[in-house]
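Let me begin by presenting the structure, written as structure tokens, before commenting on it.
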Amino acid sequence: MESGGWHVEKRASLRNDSFSREDNVPETGCLSIIVLGASGDLAKKKTFPALFHLFIQGFLLSNEVHIFGYARSKISDDDLRDRIRGYLVKGKTADSKQLEEVPKFLQLIKYVSGSYDSAEGFQKLDKEISEHEVSKNSIEGSSRRLFYLALPPSVYPSVCKMIKHYCMNKSDLGGWTRIVVEKPFGKDLASAETLSSQIGELFDEPQIYRIDHYLGKELVQNLLVLRFANRFFVPLWNRDNIANVQIVFREDFGTEGRGGYFDQYGIIRDIIQNHLLQVLCLVAMERPISLKPEHVRDEKVKVLQSVIPINDEEVVLGQYEGYTDDPTVPDHSNTPTFATMVLRIHNERWEGVPFIMKAGKALNSRKAEIRVQFKDVPGDIFKCKKQGRNEFVIRLQPSEAMYMKLMVKTPGLEMSTVQSELDLSYRQRYQDVIIPEAYERLILDTIKGDQQHFVRRDELKAAWEIFTPLLHRIDKGELKSLPYKKGSRGPVKADELLEKAGYLQSDGYIWIPPTL
């Protein structure tokens, strides 16, 4: 710097595909969607139905899109079409228009057989894709390729290597190659980092879409709007007013034939470390400076990095009776099918507020919800504390709704109080609106290049840093799973933990979804 003057140095631009297209080139080339693992359950039950619903809504156009299925099974195009046909429309809700569109959609699908680690299969796949692109008169460099890995993570590295070496396309004229990978992203921090490194050596982060279908749910996507577009929530959403937050996932059935697979992971890896933790991020994060994907994901990472190590005294594990009857499950398995734990966030907004994470199988009900319980009213002149606290509840599934529990005067001549609710039930309020499935939203986001609802690498790492020490202690048998009966609430100690964490159960109040 010269004496008496300033030198201004320009900072390097931090350009990212999630902020804007690299060269601002419009996307005009044809689109190829490749479903790897096309003959598997995930593909036929989730991926292909999601693509079909995007097709009938006009988001996938027959004159520009083609869908390729790839798997090891030696079957024909028609065999694959027959396998998925019955999953595309739901019996009672199917209308004549949907049924008419099924044959048109199925004609867009072509099948290629090959192994997941051989050049020959992927060279053949690339040839088929290229022929489609030529038939659509796509200019080289403008075509788009989306690879959906409906596969176990163990084959991700070999598949990604094959895609990189044999199936990439030029992208200088607005084209791109993107990959979608499904959870589980590893079993602990080390395995997740290894997997991330293997994929990261082949693809840039803007090309990688780590899908967590919970981030595609209607009311999960509503969280940012609720928190940051409503003035009355802004001053309330902090430790001064909120006593505790519960994030709950309950299923009323067991592992149902998936025991061998589930036993490798358990309820924490399967549900809490990903689905429920993603919800926690959206509940607890600070306001992002914009809705650009990287700004939103930056705030989620900050929340995860503020979570302090989990205290074993604030963890209750359970395993439903009969779980080990499954012949694919070891007789002495300690794998939890139920877990309740308290996470604590060490920052100015949430210091002292317990975030209670609860997930379980074979329980007495099926639901997923967020329950924000507020503190007691100071100087309670109505003496209504025993009737329950104010709560804001977001029901994610089933019967999507949000409602506020509050105290009101009981109708009549007496001055007494009762707990009631302000209720927004989606089925009643939005009768003519079809709420899309999570996979529909997220696949559409990958086509648009919007990574907001996908997990970034540093976010994944921060999530595993929270749970890996606890998971290793469970794997070593240092924490035991308590038995509980099928159809119950889970281990009694879990309710005791909730009470110890400060959650107060409402006395006699039950929310009943309104009828049409």
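Fair warning: this is a prediction, and the values are worked out from it, not measured in the lab.
- A 6.0 Å sphere centred on NZ of Lys493 holds no more than 12 heavy atoms belonging to other residues, nucleotides or ligands.
- The pair Glu286-Arg349 counts as a salt bridge, with a side-chain nitrogen and a carboxylate oxygen less than 4.0 angstrom apart.
- Under the 3.5 Å distance criterion, with hydrogens and angles disregarded, a donor-acceptor pair is assigned to the side chains of Gln373 and Asn244.
- Looking at heavy atoms from C-beta onward, Leu343 lies out of side-chain contact with Ile345 at the 4.5 angstrom threshold.
- A salt bridge between Asp458 and Lys461 is absent, with no side-chain N of the basic residue lying under 4.0 Å from a carboxylate O of the acidic one.
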Legend entry - Asp312 vs Ile310, side-chain contact (heavy atoms from CB on, under 4.5 Å): CA-CA, chis, key distance, verdict: CA-CA 6 Å; Asp312 289 355; Ile310 299 170; 5.6 Å; no
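- Taking the centre of each ring, Phe185 and Trp464 stay at or above the 6.0 Å mark.
- Taking CG of Leu282 as the start and CZ of Arg227 as the end, the distance is 8.5 Å to the nearest 0.5 Å.
- Checking Gln278 against Glu459 by side-chain atom types alone, a donor-acceptor pair falls below 3.5 Å.
- To the nearest 0.5 Å, atom CG of residue Leu276 and atom CG of residue Asn274 are 8.0 Å apart.
- There is a side-chain donor-acceptor pair under 3.5 Å between Asp263 and Thr335.
- Here the side chains of Thr255 and Lys361 are in contact, with some heavy-atom distance below 4.5 Å.
- Of the N and O atoms on the side chains of Tyr403 and Glu391, not one donor lies less than 3.5 Å from an acceptor on the other residue.
- Atom CZ of Arg85 is separated from atom CZ of Phe48 by 13.0 Å, given to the nearest 0.5 angstrom.
- One finds no salt bridge joining Arg210 and Glu182 here, because no Lys/Arg side-chain nitrogen approaches an Asp/Glu carboxylate oxygen to under 4.0 Å.
- Although no hydrogens or angles enter the test, the distance criterion places a donor-acceptor pair under 3.5 Å between the side chain of Arg81 and the main chain of Leu106.
- Relative orientation of the Phe105 and Phe55 rings is tilted, given thresholds of 30° and 60° on the angle between their planes.
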Inset, instruction - Check the pair Phe228 / Phe233 against ring-ring contact (aromatic ring centres under 6.0 Å, His included), numbers first and verdict last. - result: CA-CA 8 Å; Phe228 302 122; Phe233 277 131; over 10 Å; no
Inset, instruction - Start with the C-alpha gap between Ile447 and Leu60, add the side-chain angles, then the distance that decides, and say whether side-chain contact (heavy atoms from CB on, under 4.5 Å) holds. - result: CA-CA 10 Å; Ile447 296 169; Leu60 300 179; 3.7 Å; yes
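- At least one side-chain heavy atom of Ile211 sits under 4.5 Å from a side-chain heavy atom of Tyr439.
- With a 4.5 Å cut-off on side-chain heavy atoms, Met285 and Leu224 count as touching.
- Centroid-to-centroid, the aromatic rings of Tyr261 and Tyr265 come within less than 6.0 Å.
- Judged by distance alone, the side chains of Gln452 and Glu294 never bring a donor and an acceptor atom under 3.5 Å apart.
- For Arg239 (side chain) and Glu348 (main-chain N/O), a donor-acceptor pair under 3.5 Å exists by modelled atom type.
- Using a 4.0 Å cut-off between charged nitrogen and carboxylate oxygen, Lys448 and Asp450 do not count as a salt-bridge pair.
- Proximity of a side-chain donor or acceptor of Thr340 to a complementary backbone N or O of Val316 within less than 3.5 Å is not detected.
- A distance-only check finds a donor-acceptor pair linking the side chain of Glu205 to the backbone of Arg457 [under 3.5 Å].
- The side-chain heavy atoms of Val279 and Val220, taken from C-beta on, include a pair separated by under 4.5 Å.
- Once rounded to the nearest 0.5 Å, the distance linking CD of Glu101 with CZ of Phe52 reads 6.5 Å.
- At a threshold of 4.5 Å between non-hydrogen side-chain atoms, the residues Trp350 and Ser306 do not count as touching.
- Here the side chains of Leu146 and Ile179 are not in contact, with every heavy-atom distance at 4.5 Å or above.
- Within the cation-pi definition used here (under 6.0 Å to the ring centroid, within 45° of the axis), Lys217 qualifies as a partner of Tyr214.
- Here Arg258 does not pair with Asp326 in a salt bridge; the nearest charged N to carboxylate O distance is not below 4.0 Å.
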Legend entry - Asp252 vs Asn364, side-chain contact (heavy atoms from CB on, under 4.5 Å): CA-CA, chis, key distance, verdict: CA-CA 6 Å; Asp252 55 4; Asn364 60 346; over 6 Å; no
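- Here the straight-line distance linking atom CG of Asp188 with atom CD of Glu193 works out to 10.5 Å at 0.5 Å rounding.
- Counting only N and O atoms by type, the side chains of Ser290 and His295 include a donor and acceptor under 3.5 Å apart.
- The six-membered or imidazole ring of Tyr484 lies near that of Phe338, with a centre-to-centre distance under 6.0 Å.
- Here Arg371 pairs with Glu369 in a salt bridge; the nearest charged N to carboxylate O distance falls below 4.0 Å.
- The CG atom of Asn390 sits 9.5 Å away from atom CG of Leu236, with the distance rounded to the nearest 0.5 Å.
- With respect to Lys500 and Glu314, no salt bridge is recorded, no charged nitrogen being found less than 4.0 Å from a carboxylate O.
- Looking at heavy atoms from C-beta onward, Phe467 lies in side-chain contact with Ile272 at the 4.5 angstrom threshold.
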Inset, instruction - Could you walk me through whether Glu440 and Ile443 pass the side-chain contact (heavy atoms from CB on, under 4.5 Å) test, one step at a time? - result: CA-CA 5 Å; Glu440 293 174 42; Ile443 291 174; over 6 Å; no
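- Distance alone, capped at 3.5 Å, places no donor-acceptor pair between the Asn230 side chain and the Phe232 backbone.
- Residue-environment remark: NZ (Lys187) exceeds the threshold of 12 foreign heavy atoms within 6.0 Å.
- The closest donor-acceptor contact from the side chain of Ser333 to the backbone of Val329 lies at 3.5 Å or more, if one exists at all.
- With hydrogens and angles left out, the side-chain atoms of Arg297 and Gln451 include a donor and acceptor closer than 3.5 Å.
- Residue His453 forms a side-chain hydrogen bond (donor to acceptor under 3.5 Å, both in side chains) with just one option from Thr446, Asp212, Asp445, and that option is Asp445.
- Between the side chain of Arg83 and the backbone N or O of Lys44, no donor-acceptor pair lies under 3.5 Å.
- Under the 3.5 Å distance criterion, with hydrogens and angles disregarded, a donor-acceptor pair is assigned to the side chains of Glu351 and His346.
- Screening Gln264, Lys183, His275 against Asp270 for a side chain to side chain contact (heavy atoms under 4.5 Å, CB included) leaves a single residue, Lys183.
- With respect to Arg269 and Asp475, a salt bridge is recorded, a charged nitrogen being found less than 4.0 Å from a carboxylate O.
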